[in-house]
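I have placed the structure first, in the form of structure tokens, so that the comments after it can refer back to it.
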Amino acid sequence: MVYQLRIAAPLIAAVMFAAQVSALEGLYTEQQAANGKLNYDKHCGECHHLALSGTGHGAALAGPSFLAKWGNETIASLETLIREEMPAGAPNSLKPSVNTAITAHILRVNGAAAGDTELAPNTGLIIGVAVQGDAWDAAAAREAAENTGPIIFQSWSDAGVIADQANKARGFVNRTIDNYEPVTDAMLAAPPAGAWLSWRRTQDGQGYSPLDQIDRDNVKQLTLAWSLTMREGSNQGTPLVHNGVMFLTHPQNVIQALDAATGDLIWEYVYDYPPESQTLGGPTKNIALYGDKVFLATYDAALVALDARTGDELWRTVKADYKQGYTHTSGPVVGDGVLISGINGCERYKKGGCFITGHDPDTGKELWRTSTIALPDDPNDATWGDIPFELRAGGDTWMPGTYDPKLKLFFIGTAQAKPWVAASRGMSPLDAALYTNSTLAIEPKSGRIVWHYQHIPGETLDMESSFERVLVDLDDRQFMVTVGKDGILWKLERATGKFVDFTETIYQNLFLPLNRSTGRLHYRQDIIDAKIGDPVSVCPSIYGGHNWQSAAYSPATRAVVFPMFQLCVDMVGREVEMTEGMGGFGGESRVYEMPGANGKLGRLAAWDINTMTERWHHTQRAMFVTAALNTAGGLTFIGDLDRYLKAFDTADGKLVWQTRLGAGLHGYPVSYAVNGRQYIAVQAGLGVLKLLTTAQSPDIHQPSGGNQIYVFELPH
């Protein structure tokens, strides 16, 4: 693209940049400009430089060249350009208030003064006057510009040129999905074989695909069908597939609709979130499909509904104030026509506590709110001892839940009380602190807790039991199974929450020998007695055992396959100020290899749910860092830290295929079909998990970045 640009002679003094404070006061507030800087750094700084000095890919937005171009233009015209041309490749994607705040930041850097009133949108003041006040010589600036002749160059010196180049070169505008079929309750309960409609495909959380085109015999023929670069961050999402369209969740609260057979982009939605609302690299484990909408839980503690056909935002509902630390790391689940979701960021002391909400999917209206911390009027209030409600923290819901449409019950796990160590929160491990570290069975229409089962009362070592709840039917009995960081496999009756059985799936020394008749765990005495500053050594570690990498169930083998870490930890509690607004995690830890692991930190094991015995296990140096995926082809797919996507025989654990990709694998692999062809999809790019993996596996190269989705198929 060629632009016509006037190359000026040396600028006369009248148009030189002046750093002095403007004679005009009160153009913007410091808070508005600070917010503008955060958004500028996020959306503009890469091309235009964080100091606004320009790069080879974006114009300078401060200094003589900027004033020479923009000094006689209005603030409104600059704001219009920002709105219509920025960010590169995604114009008109920022909120109007964000565009105005970015404009305020640019004015501040150029010398305009702050005041007590925010910059109003589309302000008609001349930029030169805003910056230099009475010293601005508009006539001299015009004369300098008019004395130059037009020369045809491709130039990077005009504000907005690189964005204009990128947008026009890309030539992409959101398209519409034709003939979109609304997702019904019946579809969610029994998806078409080729679809992946929920977080773990089905509402029961089994992570199992009935597709069998790819099997033990031909899996070695798998080849790459397509791939796509994704946004940076913790790439821990789950692609959903419906009617041949993939709805892909990126880090940074971005959703794309893609042709699932080719990877062609149909539409993209970019949510504008405050940068400080993102936590842990910004994982978003899942989105939800229901009716004609796509639902996203955002970093800044809101729910958003999009038109599934176009990607247009239909409604936004704020659940909590992100400035108090509230955020989301997982998304909603649909149960009985209600949009159900939890919340994170509950480690600080605050009156709101942690909770689960139900929302109307058509309007976004909140229908109910259920606390995961026992309230003063709750029968279980006494389980917190004498700790007042505003100093009860924790009970986060890190994972999506599962749903039984026959029982009309929604199941979800809650995390431990905070701070981690009981002594740090002024409690003992003998204080149960309900409803932390529990399974909750909730009625979707009302939010009523029908039953709860606490797996570890008074948890004190960051060994939460908040992960997936897998619903399994065996011989006409309905069970719910789950594994926490401690590696204990639980089996409960899902209609009542009655304990059935539990067993150890990995070496643990936290608890006295398990009593399989009572279903109760009892800490070692030194753990119970530990005071602030007393270190405790335990296995597994605070990373598990098991963690967010969800298990997958195989109806053919009646076994659940769990990825696990063979690590241990030293934990020590620190003093925490017991006042509202304080709190936090309050613990320090040192993670190390589990004795007897012999350098093999990754473990994959299949457990028979009927007998609660291990079928097989596989250990290796590289940790498994994706969820497991089981298919009717008799295969278990999983990814590891060393960049391998692997396929195991689900029946015996034999490795039958592997391929190496660009970065450590992450997220939740899925399988789907389009036009009779089966595909396997997996995401790569670890994000914040590198804090663990680089420390424990320094011998394994972990590339920077590398966020990507890879999709495999059999040869045509």
Side-chain angles (χ1 to χ4, degrees), residues 11-54 58-87 91-142 144-145 157-161 163 272-276 323:
L11 294 172
I12 61 175
V15 296
M16 291 297 290
F17 173 69
Q20 71 268 25
V21 173
S22 168
L24 297 172
E25 300 294 336
L27 279 178
Y28 58 86
T29 65
E30 287 290 355
Q31 180 60 45
Q32 185 183 30
N35 182 50
K37 181 183 187 306
L38 288 172
N39 282 282
Y40 173 89
D41 291 352
K42 174 181 173 182
H43 299 292
C44 317
E46 185 173 5
C47 288
H48 294 277
H49 199 276
L50 294 181
L52 282 73
S53 56
L61 297 177
S65 62
F66 173 74
L67 281 185
K69 171 67 179 178
W70 285 92
N72 281 340
E73 303 292 335
T74 65
I75 294 173
S77 61
L78 176 61
E79 187 175 348
T80 297
L81 181 136
I82 293 171
R83 180 182 71 250
E84 294 180 350
E85 302 290 347
M86 308 276 184
N92 290 295
S93 63
L94 303 181
K95 292 179 182 178
S97 60
V98 171
N99 293 321
T100 306
I102 291 173
T103 306
H105 171 56
I106 294 172
L107 292 172
R108 176 174 63 174
V109 174
N110 279 280
D116 297 327
T117 304
E118 286 195 347
L119 179 68
N122 302 313
T123 299
L125 184 66
I126 298 297
I127 291 174
V129 175
V131 171
Q132 296 187 9
D134 294 340
W136 178 251
D137 191 335
R142 279 195 300 271
S157 64
D158 284 350
V161 164
D272 184 52
Y273 61 90
E276 63 272 23
K323 294 178 183 177

By side-chain contact (heavy atoms from CB on, under 4.5 Å), which residues pair with [X], not counting sequence neighbours?
X	result
Gln32	Tyr28, Thr29, Thr100, Ala101, Ala104, Glu118, Leu119
Ser97	Lys95
Pro274	Glu276, Ser277, Asp300, Tyr322
Thr74	Ala76, Ser77, Ile126

Requested in this report: Apply side-chain contact (heavy atoms from CB on, under 4.5 Å) to the pair Asn39 and Leu94, showing each step before the final yes or no.
Outcome: CA-CA 9 Å; Asn39 282 282; Leu94 303 181; 5.7 Å; no

So do [Y] and [X] actually touch side chain to side chain, heavy atoms under 4.5 Å?
X	Y	result
Thr123	Thr103	no
Ile102	Glu79	no
Trp70	Leu61	no

Can you tell me how far [atom2] of [Y] sits from [atom1] of [X], rounded to the nearest 0.5 angstrom?
X	Y	atom1	atom2	answer
Met86	Leu81	CE	CG	5.5 Å
Asp41	Lys37	CG	NZ	3.5 Å
Gln132	Asp134	CD	CG	11.0 Å

Query - Residues in salt bridge (Lys or Arg N to Asp or Glu O under 4.0 Å) contact with Asp272, at least two apart in sequence or another chain - result: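 Per chain and number, Asp272 pairs via salt bridge (Lys or Arg N to Asp or Glu O under 4.0 Å) with no residue.
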
Report task. Scan for salt bridge (Lys or Arg N to Asp or Glu O under 4.0 Å) pairs involving residues 99-108, sequence neighbours excluded, and state none if there are none. Result ->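 Every salt bridge (Lys or Arg N to Asp or Glu O under 4.0 Å) pair that includes a residue of residues 99-108, provided the two are not neighbours, is Glu30-Arg108.
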
Nearest atoms (heavy-atom pairs only) where [X] meets [Y]:
X	Y	result
Leu27	Ala112	CD1-CB, 3.8 Å
Gly63	Asn110	N-OD1, 3.2 Å
Lys69	Glu73	O-CG, 4.0 Å
Phe66	Ile127	CE2-CG2, 4.3 Å

What residues form a side-chain hydrogen bond (donor to acceptor under 3.5 Å, both in side chains) with [X], not counting sequence neighbours?
X	answer
Lys42	none
Ser53	His49
Asn122	none
Asn99	none

